[in-house]
Amino acid sequence: MSSQPRALIVLNLVSALLLAASYYASLVYAPLEAIMGAVQRVFYFHVATAWVGMIGFVVAAVAGIVYLWKKDLKWDEISLAAVEISLVFFFIAIVLGSIWARPIWGAWWTWEPRLTTAAILEMIYLAYLLLRQGIEDPEKRARFGAVYTLLGGISVPVTFVSIRVFRTIHPIVVAGANAEAQGGFSMAPAMLQTMLFAIFAFSVIFVTLFWHRMRLSALANRVEQLKLKVMQ
Amino acid sequence: MILVKKLIKRFGLKTVLRGLDFRVEPGEFVALLGPNGAGKTTFLRILASLSRPSLGQVTIAGFALPAQVAAVRRRLGVVSHQPLLYDDLTAEENLRFYGRMYNLPNLDERIIEVLEMVGLMARRHDLLRTFSRGMQQRLAIGRAVLHNPQVMLFDEPYTGLDQDASEMLDSVLRNVAAQGRTVVMTSHDLARAEGLASRFDILSRGVIAASASQVSLGQGNLLDFYKGVLSA
Amino acid sequence: MSQLLPPSPDRPGENYFGAVAAVAWKDLTAELRSRELLSAMLIFAMLVILVFNFALELDKKSRETVTAGVLWVTFAFAGTLGLNRSMSVEKDRGCLDGLLLAPVDRSAIYFGKVISNLAFMLIVEVIVLPIYSVLYSVNLFNPGLLSVILLGSLGYVAVGTLLATMAVQTRTRDVLLPILLFPVVIPVLVSAVQASKGFLAGLEMSEIMPWLNLLIVYDVIFIAAAFMTFDYVVEE
């Protein structure tokens with residue numbers, strides 16, 4: 001229990017290597033984009049972190065539903081772990097998106113549907129964590145959390161659609177010609193390879209972090225159990 | 001009338017009820033005694049169908065919980081230390097509301113019958129917020145017997161009542177029990193319990209630690225019995 | 001004194017609409033007597049409009065573009081106040097337990113509360129609209145706008161009732177509801193504002209329809225979701 005399983009240690013190593021490799025791929029291997037220049041290189045990590053955020057989002061909602069069905073607190077731990085990881089990675093994706101947007105669109109922030117939806121999703125996650133904090137009983141906390149992730153899971157796609165419709169009716173007024181584009185440039189094969197590699201690398205990193213987070217929950221449960229034993 | 005076998009209730013990692021066995025014959029009046037935190041309220045909430053058992057079997061009036069919960073609820077009246085009534089409704093309106101929730105026939109007559117029984121006929125058009133604590137508690141009992149339940153549960157009904165109100169409540173409780181109902185009551189007040197109940201069960205560390213009938217115990221020996229069980 | 005009667009026969013589901021009506025009747029009777037919740041919502045709504053008046057300088061020109069937004073922000077804020085209060089009443093004196101002890105499906109309690117919460121919100125809206133019309137001389141009596149208000153309020157209350165039921169059961173209940181509610185009802189606010197704006201500007205129906213459709217879809221999906229999950233937020 002106390003030391004990491006061997007598979008996890010290997011995974012740590014693999015994750016670090018993959019991360020280094022994707023740095024190399026996006027900064028060196030991928031060719032310079034002709035119009036946007038060097039800042040476009042942020043795109044690979046932007047897509048990959050957003051991808052991890054999406055995985056976390058889906059895992060959290062599905063685990064929430066399974067919890068309501070099975071009533072096993074294990075699923076609540078999975079849901080919480082997924083939310084926490086997703087929260088961080090969506091945040092990174094938003095920041096990277098802003099860095100990319102600044103020179104291209106002429107503004108740190110644009111109310112682009114994907115970006116806005118990601119920001120709203122972050123708010124849902126923060127509300128979720130705040131909700132959990134206010135409840136003592138672990139089962140009630142799990143039930144309420146699951147219901148809220150479920151509502152969030154339904155509302156986020158609808159939010160995306162509504163902002164999308166909002167944007168098509170009201171044309172985007174942003175400095176710079178490339179307003180509609182996100183990945184709207186033509187991708188050279190090496191760019192595509194880099195993007196896919198980064199997505200793969202971050203998926204592995206997601207699994208590693210997820211495993212660590214689940215171990216943390218298990219250890220926290222153990223501590224709680226020992227505390228109860230001492231008290232009796 | 002009430003049959004509980006190997007009942008276990010956990011809140012997360014904390015176990016409150018540990019394999020509790022409990023049996024009440026029709027017409028018995030059982031006082032459930034025990035120190036704070038012994039699990040009395042938790043146990044009563046499970047009997048009241050407000051909380052689900054983690055493990056074990058609970059049968060009330062021949063119906064299993066939680067599978068046949070609607071049938072149990074129709075046969076169950078519950079009084080807690082909170083009145084479960086609405087401040088901005090009159091006594092009569094409060095009863096009418098609960099009567100409609102239970103889909104009772106001849107509701108008008110039944111309401112008058114109940115109001116007379118708890119001695120609030122004269123105040124029936126007054127708002128609940130104008131009632132004293134004792135009157136509220138009597139109306140709460142009226143609410144609980146409205147649908148003529150076979151089984152009644154009282155959770156610390158004397159909380160916050162003065163001497164006069166307590167005596168008034170005594171007579172109402174006797175009245176309720178005299179109609180052939182099965183009653184389970186939790187209480188801190190040994191003297192009050194001694195005057196009412198036909199059997200005393202002591203709940204300690206999540207199980208029924210001891211049980212004695214009024215007859216076998218004799219008058220005035222409850223306190224010694226209680227102390228003896230808890231110090232053992 | 002009556003003898004112990006046999007219990008009424010088990011007829012699950014039979015009393016469903018009776019219970020829905022009973023919950024709504026109970027809320028409306030109590031509220032029409034005390035008027036605590038409605039007056040708080042109304043005064044708050046008027047204050048929000050007053051604040052907007054100075055924050056946005058609602059002169060004649062800007063009014064045309066922001067009226068819909070100001071109205072919906074006002075309704076949303078006043079709405080959280082009402083929802084929180086309406087569920088606190090159930091929690092404070094243990095009444096939620098009383099409701100749960102009744103042999104009715106939990107969703108009947110949910111729908112009863114939705115009806116009364118919706119009624120409170122519509123009453124506030126019906127009073128705010130003419131006042132706003134008079135204050136800023138805009139004509140708000142537009143059947144299209146009224147239908148948007150009905151659809152938008154329904155979606156808002158459907159989610160709000162479920163989340164308020166959760167919020168009042170937490171330690172941080174006084175502050176939690178708007179934080180839980182607003183990120184989830186953004187589609188309602190976006191489409192209600194856009195549809196209202198469309199009707200006020202006299203746009204073609206074809207331009208407003210996408211928003212109305214979105215509102216209807218949202219209402220249907222979220223009423224269904226709340227119907228399925230309400231059990232989990234009240235049962236232990």
Side-chain angles (χ1 to χ4, degrees), chain A residues 61 64-71 75-76 87 90 111 113 116-170, chain C residues 155 158-160 162-163 165-195 197-198 203 206-226 228-236:
Chain A
I65 295 170
V66 177
Y67 172 77
L68 291 180
W69 179 30
K70 298 272 187 194
K71 295 279 161 61
W75 291 101
D76 181 52
L87 177 72
F90 264 126
W111 295 96
T116 312
T117 310
I120 291 169
L121 189 57
E122 294 280 286
M123 301 312 289
I124 292 180
Y125 283 158
L126 292 174
Y128 169 85
L129 295 176
L130 215 60
L131 170 70
R132 295 183 67 100
Q133 223 168 45
I135 308 169
E136 304 288 350
D137 174 8
E139 271 158 39
K140 186 185 257 189
R141 194 187 315 149
R143 267 186 292 119
F144 284 20
V147 170
Y148 196 63
T149 44
L150 183 63
L151 287 185
I154 304 171
S155 89
V156 164
V158 185
T159 304
F160 179 71
V161 170
S162 65
I163 301 170
R164 192 69 169 267
V165 178
F166 185 71
R167 284 297 147 197
T168 49
I169 289 180
H170 302 256
Chain C
V159 184
L162 179 71
L163 291 177
T165 313
M166 299 206 310
V168 295
Q169 295 181 68
T170 64
R171 245 185 305 126
T172 39
R173 62 191 221 172
D174 297 321
V175 292
L176 201 55
L177 179 63
I179 295 171
L180 291 179
L181 181 55
F182 286 156
V184 185
V185 292
I186 281 175
V188 172
L189 296 180
V190 171
S191 38
V193 168
Q194 293 310 315
K197 207 184 257 178
L203 292 183
S206 61
E207 284 186 58
I208 304 172
M209 264 334 267
W211 297 115
L212 285 182
N213 286 338
L214 204 65
L215 271 179
I216 293 168
V217 167
Y218 186 95
D219 287 2
V220 171
I221 293 178
F222 275 85
I223 289 173
M228 288 187 289
T229 53
F230 189 71
D231 257 25
Y232 297 112
V233 303
V234 289
E235 297 259 350
E236 265 174 32

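Here is the naming used below: chain letters follow the sequence lines, and residue numbers restart at 1 for every chain.
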Check your understanding: Looking at residues at least two apart in the chain, or sitting in another chain, which of them share a salt bridge (charged side-chain N to carboxylate O under 4.0 Å, His left out) with A:R132?
Key -> A:D76

Practice item. Could you have a look at C:I186, C:I221, C:V188 and say which one has the most heavy-atom pairs with chain A under 4.5 angstrom? Key: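 Among the listed options, the one with the most contacts to chain A is C:I186.
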
Check your understanding: Contact part of A:Q133 toward chain C, heavy-atom cut-off under 4.5 Å: side chain, backbone, both or neither?
Key -> backbone

**Study point:** chain C contact via A:L126 - which portion, at a heavy-atom distance below 4.5 Å
**Key:** neither

Examine whether an atom of [X] lies under 4.5 Å from a heavy atom of chain A, and if so say whether it belongs to the side chain, the backbone or both; otherwise answer neither.
X	answer
C:F222	side chain
C:T229	both
C:Y218	side chain
C:V190	side chain
C:L176	side chain
C:L180	both

Close side-chain approach of [X] and [Y], heavy atoms under 4.5 Å:
X	Y	result
C:W211	C:L214	yes
A:V158	C:V217	no
C:M166	C:Y232	no

Check your understanding: Can you say whether the rings of A:Y148 and A:Y128 are parallel (under 30°), tilted (30 to 60°) or perpendicular (over 60°)?
Key ->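 The rings of A:Y148 and A:Y128 lie parallel, inter-plane angle below 30°.
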
Check your understanding: Using a cut-off of under 4.5 Å for heavy-atom pairs, which of A:A146, A:G152, A:S155 has the most such pairs with chain C?
Key ->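 Option with the top pair count is A:S155.
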
Exercise for review: Heavy atoms only, distances under 4.5 angstrom: which of A:L121, A:I135, A:V156, A:I124 has the most pairs with chain C? Name it, please.
Suggested key: A:I124

Review point. Can A:R143 and C:E235 be counted as an ion pair, charged N to O under 4.0 angstrom?
Key: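 Here A:R143 does not pair with C:E235 in a salt bridge, since their nearest N and O are not under 4.0 Å apart.
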
Review point. Is there a donor-acceptor pair closer than 3.5 Å between any side-chain N or O of C:Q169 and the backbone N or O of C:T165?
Key: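 A pair under 3.5 Å: yes.
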
Practice item. Enumerate the residue pairs fulfilling salt bridge (charged side-chain N to carboxylate O under 4.0 Å, His left out) with a member in residues 145-162 of chain A, sequence neighbours excluded, ordered by first and then second residue. Key: none

